[in-house]
Amino acid sequence: MTQNFRHPEILELARRQGKVSVEDLAAQFGVTVQTIRRDLSELAEAGRLERVHGGAMLPSGVQNIGYDDRRSLNAAAKARIAAACAAQIPDGASLFLNIGTTTEAVARALLTHRDLMVVTNNLNIANILAQNPDCDVIVAGGSLRRSDGGLTGSLTMRMIEQFRTDIAVIGCSALDESGDLLDFDVAEVGVSQTILAHARRRFVVADHSKWTRSAPARIANLAEIDTFFTDQAPPQGVQTLCDQRDTKVVKIPTLIND
């Protein structure tokens with residue numbers, strides 16, 4: 001396989017997995033590790049990947065990857081995480097759902113729930129839950145972010161402050177080794193913090209790729225969360241933190257084709 005064909009496939013693997021390794025890529029493409037290192041260096045020089053020890057990952061920087069790309073990243077795992085989260089949400093509950101592709105998956109998993117009230121700053125979630133006639137949907141208005149249908153800003157936060165829901169379900173762009181939930185947009189972070197402050201129980205939904213990413217703005221820490229739904233065990237230090245602070249970790253088994 002020539003370099004021109006390898007580069008797009010390497011980028012697609014990085015989008016799906018969050019990180020790629022030199023050894024795995026060399027085995028997959030049947031080339032030497034030196035060849036793969038050159039490929040990764042060229043992609044890094046072009047700003048497409050960021051070199052890390054043993055491989056490369058999507059650039060962290062201060063800007064998130066495209067929303068459509070995020071939808072396809074670990075989509076099967078997100079759907080199973082969402083199903084596990086939805087199973088912990090009873091009929092008749094009130095909840096917040098924030099911006100994110102995993103929270104969109106949670107919305108799809110709630111389509112058969114009854115007597116729900118959902119407050120969201122995500123137009124995509126509002127459109128999904130509009131298909132459930134037993135769900136009252138309240139959209140927290142604000143400044144529209146066209147790239148992902150999100151609503152943010154002081155107007156959004158003031159509207160969210162008018163509610164006290166049973167459950168908040170939030171996603172994030174990255175998770176670091178101290179258990180901090182991170183995001184790229186400071187305005188979105190403010191909304192997520194307001195959501196957490198006005199819910200009786202707090203859920204976080206995030207797949208394993210978030211451990212290999214970085215983002216500049218802090219939302220909260222897993223120690224402040226009631227239940228964390230994911231598809232792979234977190235780093236041992238984070239698991240210890242969750243155990244010490246009574247944050248329940250619900251790990252969904254990873255399937256071969258995830």
Side-chain angles (χ1 to χ4, degrees), residues 64-173 183-185 187-207 219 226-227 229 250 252:
N64 209 347
I65 61 176
Y67 204 68
D68 287 339
D69 287 335
R70 278 157 37 209
R71 274 202 179 105
S72 61
L73 182 64
N74 299 320
K78 289 176 182 177
R80 291 185 295 107
I81 290 168
C85 178
Q88 299 297 314
I89 298 172
D91 288 342
S94 60
L95 59 148
F96 292 119
L97 287 174
N98 79 337
I99 303 167
T101 57
T102 312
T103 49
E104 284 184 24
V106 173
R108 285 188 285 272
L110 292 171
L111 286 176
T112 58
H113 276 54
R114 299 175 62 86
D115 300 322
L116 292 180
M117 185 189 79
V118 175
V119 182
T120 184
N121 64 320
N122 183 331
L123 293 182
N124 298 315
I125 283 175
N127 286 326
I128 291 167
L129 287 174
Q131 302 172 56
N132 181 350
D134 286 317
C135 178
D136 290 332
V137 181
I138 298 170
V139 178
S143 298
L144 174 63
R145 194 166 62 189
R146 289 177 175 81
S147 62
D148 60 7
L151 297 160
T152 61
S154 59
L155 287 175
T156 310
M157 294 166 64
R158 285 205 295 271
M159 184 166 181
I160 287 169
E161 288 169 351
Q162 307 308 307
F163 297 90
R164 178 76 168 170
T165 67
D166 298 316
I167 300 167
V169 182
I170 72 164
C172 61
S173 294
D183 222 311
F184 291 90
D185 188 329
E188 182 178 343
V189 165
V191 173
S192 296
Q193 290 172 337
T194 306
I195 284 172
L196 292 175
H198 288 80
R200 297 179 182 89
R201 297 171 64 199
R202 303 167 174 183
F203 293 172
V204 168
V205 288
D207 68 85
I219 302 169
D226 294 292
T227 308
F229 299 87
V250 177
I252 313 304

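Residues take their numbers from the sequence shown, with the count starting at 1. Side-chain atoms are counted along with the backbone in the values below, which use heavy atoms only and exclude waters and symmetry mates. Since we're looking at a predicted model, the values are computed, not measured.
- A distance-only check finds a donor-acceptor pair linking the side chain of H113 to the backbone of I89 [under 3.5 Å].
- Closest approach of Q88 and F229 over heavy atoms only: CG-CZ, 3.8 Å.
- Side-chain contact check for C135 versus L110: every heavy-atom pair is 4.5 Å or farther apart.
- A heavy-atom distance below 4.5 Å is not found between the side chains of D136 and V118.
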List the atom pairs, donor and acceptor, that lie under 3.5 Å between side-chain atoms in residues 152-161 and the rest of the protein, sequence neighbours left out.
from: T156; atom 1: OG1; to: G141; atom 2: O; distance (Å): 2.9
from: T156; atom 1: OG1; to: T152; atom 2: O; distance (Å): 3.3

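- Between R145 and E188, at least one side-chain nitrogen of the basic residue sits less than 4.0 Å from a carboxylate oxygen of the acidic one, meeting the salt-bridge criterion.
- Taking the side chain as every heavy atom from C-beta outward, T120 and I138 never approach each other to under 4.5 Å.
- The distance from atom CG of L111 to atom CG of N132, rounded to the nearest 0.5 Å, is 6.0 Å.
- Here the SG-CG distance, from C172 to D183, works out to 7.0 Å after rounding to the nearest 0.5 Å.
- Looking at every heavy atom in both residues, R201 comes nearest to D226 through CA-OD2, 3.2 Å.
- Taken from CG in D207 to CD1 in I81, the straight-line distance is 5.5 Å, to the nearest 0.5 Å.
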Start with the C-alpha distance between M117 and L95, add both sets of side-chain angles, then the distance that settles side chain to side chain contact (heavy atoms under 4.5 Å, CB included), and finish with yes or no.
CA-CA 6 Å; M117 185 189 79; L95 59 148; over 6 Å; no

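- Between the side chain of Q193 and the backbone N or O of I219 there is at least one donor-acceptor pair closer than 3.5 Å.
- Counting only residues at least two apart or in different chains, salt bridge (Lys or Arg N to Asp or Glu O under 4.0 Å) contacts with residues 163-173 comprise D166-R200.
- The two residues A109 and A82 have their closest heavy-atom pair at CB-O, 3.8 Å.
- Between the T103 side chain and the N98 main chain, a donor and an acceptor come within less than 3.5 Å of each other.
- For the pair I167/F203, a side-chain contact is recorded, criterion being any heavy-atom separation below 4.5 Å from C-beta on.
- Panel note: side chain R202, backbone L196; a donor-acceptor pair is recorded below 3.5 Å.
- Nearest heavy atom pair, residue I252 against residue A84, reads CD1-CB, 3.3 Å.
- Smallest separation of non-hydrogen atoms from S94 and T165: OG-CA, 3.4 Å.
- Atoms CD1 and CD1, on I125 and I99 in that order, are 8.5 Å from each other to the nearest 0.5 Å.
- When side chains are defined from C-beta on, L123 counts as touching L144, because their heavy atoms get closer than 4.5 Å.
- Looking at N121, its side chain does come within 3.5 Å of a backbone N or O of L151 through a donor-acceptor pair.
- A salt bridge is absent between D91 and R114: the closest approach of a Lys/Arg side-chain nitrogen to an acidic carboxylate oxygen does not fall below 4.0 angstrom.
- Pairing each heavy atom of N124 with each of E104, the nearest pair is ND2-OE2, 3.1 Å.
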